[in-house]
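Below is one structure, written out as structure tokens; comments come after it.
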Amino acid sequence: MDNKNVFIAIALSMSVLLFWAAFFETPKPNENRAAQEQKQTSENIITPSINESLKINAVSREDSIINSERVKIENDSIIGSMSLEGGLIDDISFKKHKQNLENNLNVEFLNPAQTEDGFYIETGWTSIGNKIKVPSKKSMWKVKGNKILKNTQPVILEWDNDEGIIFKKRIELDEKYLFRITQEIQNNTSQPIELYPYAQITRNKIPDDIQNFYISHEGFIGVFDEELKEDDYDDIEENKIVREANEGWFGITDKYWITAIVPKKGENFKSTFLYKEAFKANYILNNPTKVNPSSNNFNDVRIFVAAKEVNTIDSYAANQNIDKFDLTIDWGWFYFFTKPLFFVIDYLFKYSGNFGIAIVIITIGIRLIFFPLANYSFRSMAKMKAVQPEMTRLKELHKEDKVKLQQEMMALYRKEKINPASGCLPILIQIPFFFAIYKMLFISLEMRHQPFFGWIKDLSDKDPTSIFNLFGLIPWDPPSFLVIGIWPILMGASMWVQQKLNPAPADPIQAKIFAFFPIFLTIILASFPSGLVVYWTVNNILTIAQQWVIMKQTKVKTH
């Protein structure tokens, strides 16, 4: 086998895999959605109240909050409020994370139901056939005692159905992102009652800033009896998905933020992801909560409205004993590489004080780890490049006799002690590590709004400069598709130099494809987070340096 063709095949294959994964959705496993839909009998009908819809009036977020009775919510990490109408958690902002670098406004995550971007969480009770009057999204709750929810003081809400049943919610908040809601039923009637507790996340529409990259899942997520499930918004629009489990959690995830509900462990529940005028993720217990006359009973649920800070999420997974809760952060297929790499770069960031420097250091470190493998691969390619003129001569000489050509090529390989495939294995071994660091940088909330040097003020955003206004010298703001900055151009140039050090494809069509490839990558990566482009560029430069040295040494030996 011709080594340069092997190398070309590997390069093209990896490029296709990388960019298909980045820009197109990988097909889901062929699940029978109809089988997932549970058949509802007359004895087990989930009442409509769990999916009760609220009319969207498209009012502003501020007007909706001002014009409703609320309980204030605040701790060191979040600030917001809860609506007494429906008892909804529908106003949460992250105090430690800002919308952008130009202002000091908090990231607004949860929004009131009446707004266009409504995103809220409800808890409640339902009954078979709606025979018992339960609180709805329109019910007005009363505050009993304290009216501000803090991590040191819970809030108690109460609602009376005027038929002898009183509903209460005790809402607690820790110092970061965890709500614990204990729901109580007081049965003051002469008859026993049975009610089913539920909790539901509702999102009115797909967020405008969603990134449709397969490399980072955004949408519905859950772990059901230790099995991770991820469903896109498109999946839910097409089909309702129902799952049962005895333990787990579920929610709706963005790239950097998540809402999640954790039912009480050991209680069999049914979770549903669906689209009904809005996107919904909910659960309901399969076994009712029974309350005898003149008695009460309880149910509790944990709710997370969180920024996906790695140490915080890991702490919750361990301290709250929530199975695989760390997978709210999309570490990907190479979990066992990606997550440790984060802790390394986080340490380097704290040590150096600059996330961009940490990226450079970890890139150098990975190159050093794979230095011997890369050397082996580069020596093989250098030998192939050195004998390329002779290979070209043989192909021209025996172009009509393929068998003779193969015999002469093998003889040349034996004479020069070249193994055509020897450069492949070292490259393949390194691929998981390079993809892992690429993935880690893409998903890291910790890189968000971190500066590098010069014009790079946010490594999680694209390079803001553009060659089409001479990098700011011309007073013109080009459209977004023309924003091709300095770092992407450096990356493309380094890839072009790297190509020149490799054996050139003999096939003219392959040669043209490879000549265009650096330009293609430059255009594509112009919109990627600049931290990723810095990593790729530095890695290319280190590769060029190592490959150039090897080629110089090899040329001395071969001549």
Side-chain angles (χ1 to χ4, degrees), residues 36 38 40 44-47 49-52 82 86-89 110 120-128 134-135 154 157 167-174 177-185 194-203 219-231 236 240-253 258-274 279-291 296-306 313 316-328:
Q36 293 177 331
Q38 293 193 343
Q40 298 176 353
N44 278 304
I45 299 175
I46 296 179
T47 59
S49 60
I50 191 173
N51 290 320
E52 177 188 3
M82 176 190 305
L88 308 177
I89 302 175
L110 297 190
Y120 56 93
I121 303 170
E122 63 183 291
T123 57
W125 301 88
T126 187
S127 65
I128 293 177
V134 296
L157 305 183
F167 297 85
K168 291 184 178 181
K169 295 179 191 278
R170 177 185 172 88
I171 305 160
E172 302 169 85
L173 175 65
D174 74 352
Y177 305 116
L178 170 60
F179 293 83
R180 185 184 295 272
I181 300 180
T182 303
Q183 299 191 98
E184 178 184 358
I185 306 171
E194 292 185 351
L195 291 173
Y196 296 80
Y198 76 88
Q200 178 166 262
I201 303 167
T202 301
R203 191 171 215 168
F220 291 75
I221 187 172
V223 169
F224 304 94
D225 289 337
E226 301 183 353
E227 186 175 0
L228 175 68
K229 296 291 185 180
E230 294 177 329
D231 301 290
I236 306 306
K240 177 173 69 175
I241 299 176
V242 181
R243 300 182 175 101
E244 286 195 14
N246 290 312
E247 62 179 80
W249 56 269
F250 64 91
I252 298 178
T253 182
I258 187 166
T259 54
I261 293 174
V262 187
K264 189 175 181 179
K265 184 174 290 188
E267 295 186 344
N268 186 259
F269 67 90
K270 177 160 58 179
S271 176
T272 305
F273 296 164
L274 75 156
F279 294 95
K280 301 174 186 289
N282 62 47
Y283 89 95
I284 184 169
L285 292 189
N286 284 324
N287 297 316
T289 298
K290 299 178 181 181
V291 191
N296 63 350
N297 209 338
F298 303 85
N299 179 268
D300 63 88
V301 63
R302 287 169 290 176
I303 294 172
F304 291 89
V305 184
I313 296 297
Y316 279 132
N319 298 336
Q320 293 291 322
N321 192 25
I322 307 173
D323 184 49
K324 297 182 180 178
F325 193 67
D326 63 324
L327 297 185
T328 57

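- Annotation: side chain of Lys280 is not in contact with side chain of Glu122 (no heavy-atom distance under 4.5 Å).
- You'll find the side chain of Gln320 reaches within 4.5 Å of the side chain of Leu178, heavy atoms only.
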Run the numbers on Thr123 and Lys169 for side chain to side chain contact (heavy atoms under 4.5 Å, CB included), then give the verdict.
-> CA-CA 9 Å; Thr123 57; Lys169 295 179 191 278; 2.6 Å; yes
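- The shortest heavy-atom contact between Pro263 and Gly248 is CD-O, 3.5 Å.
- Residues Asn321 and Lys265 are in side-chain contact: their nearest non-hydrogen atoms beyond the backbone lie under 4.5 Å apart.
- Side chains of Ile201 and Ile261 form a contact here, defined as non-hydrogen atoms less than 4.5 Å apart.
- Distance CD/Glu247 to CG/Asp323: 6.5 Å, rounded to 0.5 Å.
- We find the CG-CD distance between Asn287 and Glu194 to be 9.5 Å, quoted to the nearest 0.5 Å.
- For the atom pair Ile185 CD1 and Asn297 CG, the distance stands at 7.0 Å (nearest 0.5 Å).
- For the pair Ile322/Arg302, a side-chain contact is recorded, criterion being any heavy-atom separation below 4.5 Å from C-beta on.
- Looking at Asp231, its side chain never comes within 3.5 Å of a backbone N or O of Gly219 through a donor-acceptor pair.
- Using a 4.5 Å heavy-atom threshold, the side chains of Asp300 and Gln183 count as separate.
- Under the side chain to side chain contact (heavy atoms under 4.5 Å, CB included) criterion, Glu267 pairs with Lys264, Leu285, Asn299, sequence neighbours left out.
- Checked against Ile121 for a side-chain contact (heavy atoms from CB on, under 4.5 Å), the options Val301, Leu110, Asn282 give a single hit: Leu110.
- Between Thr328 and Trp249 there is a side-chain heavy-atom pair separated by less than 4.5 Å.
- Minimum interatomic distance between Ser127 and Leu195 (heavy atoms only, all atoms of both residues): CB-CD2, 3.5 Å.
- Enclosure of atom NZ in Lys290 is not indicated, since only 12 or fewer non-hydrogen atoms of other residues, nucleotides or ligands lie within 6.0 angstrom.
- Atom-to-atom distance recorded for Phe250:CZ and Arg243:CZ is 11.5 Å, nearest 0.5 angstrom.
- Applying the ring-ring contact (aromatic ring centres under 6.0 Å, His included) criterion to Phe304, with sequence neighbours excluded, gives Tyr316, Phe325.
- Between Tyr283 and Phe269, the two ring planes are perpendicular [angle over 60°; tilted spans 30° to 60°].
- Here the NZ atom belonging to Lys270 is positioned 7.5 Å from the CD1 atom belonging to Ile284, to the nearest 0.5 angstrom.
- A heavy-atom distance below 4.5 Å is found between the side chains of Leu228 and Ile221.
- Atom OH of residue Tyr177 and atom CD1 of residue Ile313 lie 8.5 Å apart, to the nearest 0.5 angstrom.
- Residues Leu157 and Gly87 approach most closely at CD1-CA, 4.4 Å, considering heavy atoms.
- Of the listed residues (Thr272, Ile241, Ile252), just one forms a side-chain contact (heavy atoms from CB on, under 4.5 Å) with Ile236, and that residue is Ile241.
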